Engineer: 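Please see the structure below; I have some questions.
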2 protein chains.
Amino acid sequence: MPASNKFTGSVRMRDVAERARVSRMTVSRALNDPESVKEGLRNRVLAAVEELGYVHNHLARSLSSRSSNVIGLVLPSLENSIFAQTVKGVSDVLRPLGYHLMVTECGNEPKDEERVISAFVAQRVGGLILHGTHHSAVAARMLKASGTPVVENGDIPAEPLDMVASYSNRDAAKAMTLHLARLGYKQIAFAALAANPRGASRSLGYDDALAELGRPADPRLKIEVSRGFTGGAEAIAHIATNVPEADALFCAGDVMAVGALFECNRRGWKVPDRLAIASFDDLELMRHVSPGITSLQLPRYEMGRRSAEMLLTRIEGRELPVPVLDLGFEIVQRAST
Amino acid sequence: MPASNKFTGSVRMRDVAERARVSRMTVSRALNDPESVKEGLRNRVLAAVEELGYVHNHLARSLSSRSSNVIGLVLPSLENSIFAQTVKGVSDVLRPLGYHLMVTECGNEPKDEERVISAFVAQRVGGLILHGTHHSAVAARMLKASGTPVVENGDIPAEPLDMVASYSNRDAAKAMTLHLARLGYKQIAFAALAANPRGASRSLGYDDALAELGRPADPRLKIEVSRGFTGGAEAIAHIATNVPEADALFCAGDVMAVGALFECNRRGWKVPDRLAIASFDDLELMRHVSPGITSLQLPRYEMGRRSAEMLLTRIEGRELPVPVLDLGFEIVQRAST
DNA sequence: CAGCATTTTGATACCGGTAACTTTAGGCTC
DNA sequence: GAGCCTAAAGTTACCGGTATCAAAATGCTG
């Protein structure tokens, strides 16, 4: 039991009711559904609220009404600005309707995600948006049992928990690989993020493309690197040593491609002449470095917006026609390829 | 009243109690303070919890116990990875103690912050960490009245709401400006973020330094730019047109310095020979570009960690000896100056 | 083994709201 | 103005837990 803090005697609805000389119920109505209270009383109530500095107790409200206006968003990390757009998409939908968004970060481990989900379910949030698509059995069961509406939006999972609004990491990786092939690159290397479920899907997409092209899967071309700028440098080092004949590098993690580009600059490798570089995520940075880096523009904002909309639809009791939404992606061709 | 979703008949403590043939109270104790229940009963309870898939209702718990294990963190934006370290610092302290962190973004407008704070207070969170230091009167009053422990950690405010764990934006900006002067730069330009309260403090710090150096404040050297990479480019353009004699540029916003560096590259300006560049925040990027950018290393992680610790101290009822903590900063000298 | 302190469990009231229902107050028709 | 209908306000019970105090079980001492 962690908390031992007690809320210091805060103002209760009863206090407001007494002050306005009405019943608690009238106060409740004046706050939640003002139209249903006659103007005179309503003003008296609102005045009392103002005078006493009353702040509605959502705890009690949610408990009693068995509904909540809080939506939880579970992200693997906040280190990355790639999620900012998604957060904005969600907020833009929720805010005008009076819902509140609470974000929590959970890493890539299903066990950690489980703890976060458990906390949200314990708080009886109105709905949950999960970026991850790999969940522990306990988490899945808990979500199902609690009946919490859920949207997954980091990938398109084979077996959705509930609703989905995302792009397909596998399709996107495949498309970019094919794009590089179409541009004439023969030896396309792939830098993969270790221990990242979305990284794994991307890796499969790369394989798909090679298979479709009828090219053999050269294990030297598939490079496992660490995250961040460092990963890009590692990939270049690997190519220099082990597959100098590679003519393109597709980086499957956000800033990784920039790290690779910087490393090429350090080594005096011309991009794209010596080596073409493509990135998975179209961060703002990609168009500011030179050469600009070809990348996949993902529907980050849309993912947020549609996730929130789907959630609200479900919360309001309407069933959804298509609970799995593939939002696609686009390839942005720049000077690096 | 937004939500109309009803929690579908979830398992209650009463159900667990019946199944384990004990009183609700025993279940409550077995979950919150296992030591206080004898092993036999405790196991029976835990087995029942497991079998029924019971998830504790924090709503009810918080309402009844008038305490919460949720801590709210209010950030101006999630677009920026600079807050990731702070989030991590907070989590690292809270997680092992069973507290949960919920993050919300609020922009730079006190009115928006007020809405977020109000939501957190309505949820009766155990404590609040605010990055902003400019609050609406309503928000301040609400926090005071509710008795919620609060830590501000984005700057050292003149009049703290409660506790503070931060560095001083003003001091940091002053120190960097003095550093540039010490390196011999004579015409130090300053690129400021418009409409950002922390930006304003930094601007004052720059002024302080000039005053201390006995240099006149040349208005052409103080440049207001937009945020992001673009802002840096704008600053360079301004210098080229209006103050070509400037020999150093101090950028007061995160990626701005990188944008400035890129723009210098485009124009063929040598850094630092033609123009030295310094950045406020020591993002990872700063050491990966070339030349590496001189910047201020801020105690982002510490700010999170100490904020959380202060909050817990207060929550546990102990008073703090020093409720305002200045965590300082360091200058990282790199090739750009 | 009685007598008392301590630990473990249970009964009851209440946390601060809202749902559902009842009562009262108005408004209209004839 | 009686009769009926609707709107507005109030009453009561309960949401799902925990605090608090009382009761029962256990242990210890002499």
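All values reported here derive from a predicted model rather than from experimental measurement. Below, chains carry the letters A, B, ... as their sequence lines are ordered, and counting in each starts from 1.
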Engineer: More 5' along DNA chain C: B:Ala60 or A:Lys38, using each one's nearest nucleotide?
Structural biologist: B:Ala60
Engineer: So do B:His134 and B:Pro197 actually touch side chain to side chain, heavy atoms under 4.5 Å?
Structural biologist: yes
Engineer: Looking at the side chain of B:His56, which of C:dG17, D:dT18, D:dG16 is the nearest nucleotide?
Structural biologist: D:dT18
Engineer: Is there a donor on the side chain of A:Arg29 or the base of D:dG10 sitting less than 3.5 Å from an acceptor on the other?
Structural biologist: yes
Engineer: How long is the line joining CZ of B:Arg66 and C1' of D:dT20, in whole Å?
Structural biologist: 12 Å
Engineer: Please determine, for the side chain of A:Asn32, which listed nucleotide (C:dT18, C:dA11, D:dG16) has the closest atom?
Structural biologist: C:dT18
Engineer: Would you check if there is a donor-acceptor pair between the side chains of B:His100 and A:Gln123 at a distance under 3.5 Å?
Structural biologist: no
Engineer: OP1 or OP2 of C:dG17 sitting under 4.0 Å from any side-chain N/O of A:Ser64?
Structural biologist: no
Engineer: With a 4.0 Å cut-off on heavy atoms, is B:His58 in touch with a base, just the backbone sugar-phosphate, or nothing at all?
Structural biologist: nothing
Engineer: Do A:Ser307 and A:Asn153 pair up side chain to side chain, a donor and an acceptor below 3.5 Å, judged on atom types alone?
Structural biologist: yes
Engineer: For the residue pair A:Val103 and A:Leu75, what are the closest heavy atoms and their distance?
Structural biologist: CG1-CD1, 3.9 Å
Engineer: Any side-chain N or O of B:Thr26 under 4.0 Å from OP1/OP2 of C:dG10?
Structural biologist: yes
Engineer: Rounded to whole angstrom units, what separation is found between the CG atom of B:Leu59 and the P atom of C:dT18?
Structural biologist: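 Taking atom P of C:dT18 as the reference, CG of B:Leu59 is at 13 Å.
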Engineer: Starting from C1' on D:dG17, measure out to CZ on B:Arg12 and report it in whole angstrom.
Structural biologist: 12 Å
Engineer: Rounding to a whole Å, what distance do you find between B:Arg44:CZ and C:dT9:P?
Structural biologist: 9 Å
Engineer: Counting only side-chain nitrogens and oxygens, does A:Asn57 get under 4.0 Å of the OP1 or OP2 atom of C:dC15?
Structural biologist: no
Engineer: Please report the distance, rounded to the nearest Å, between CZ in B:Arg21 and P in C:dT9.
Structural biologist: 14 Å
Engineer: Taking atom types as they are modelled, is there a donor-acceptor pair under 3.5 Å from the base of D:dG17 to the side chain of B:Arg24?
Structural biologist: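 Donor-acceptor pair under 3.5 Å: yes.
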Engineer: Nearest whole Å is fine: how far is D:dG17 P from B:Arg124 CZ?
Structural biologist: 20 Å
Engineer: Within less than 4.0 Å of OP1 or OP2 of C:dC15, is there a side-chain N or O belonging to B:Ser65?
Structural biologist: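 B:Ser65 to C:dC15 OP1/OP2: no side-chain N or O under 4.0 Å.
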Engineer: When the distance from CD of A:Glu39 to C1' of D:dA9 is rounded to whole Å, what number comes out?
Structural biologist: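 Spelled out: CD on A:Glu39 to C1' on D:dA9 is 17 Å.
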Engineer: Within a strict 4.5 Å, meaning less than it, do heavy atoms of the B:Ile82 and B:Arg300 side chains meet?
Structural biologist: yes
Engineer: Between atom CE in B:Met13 and atom C1' in C:dC15, what is the gap in whole Å?
Structural biologist: 15 Å
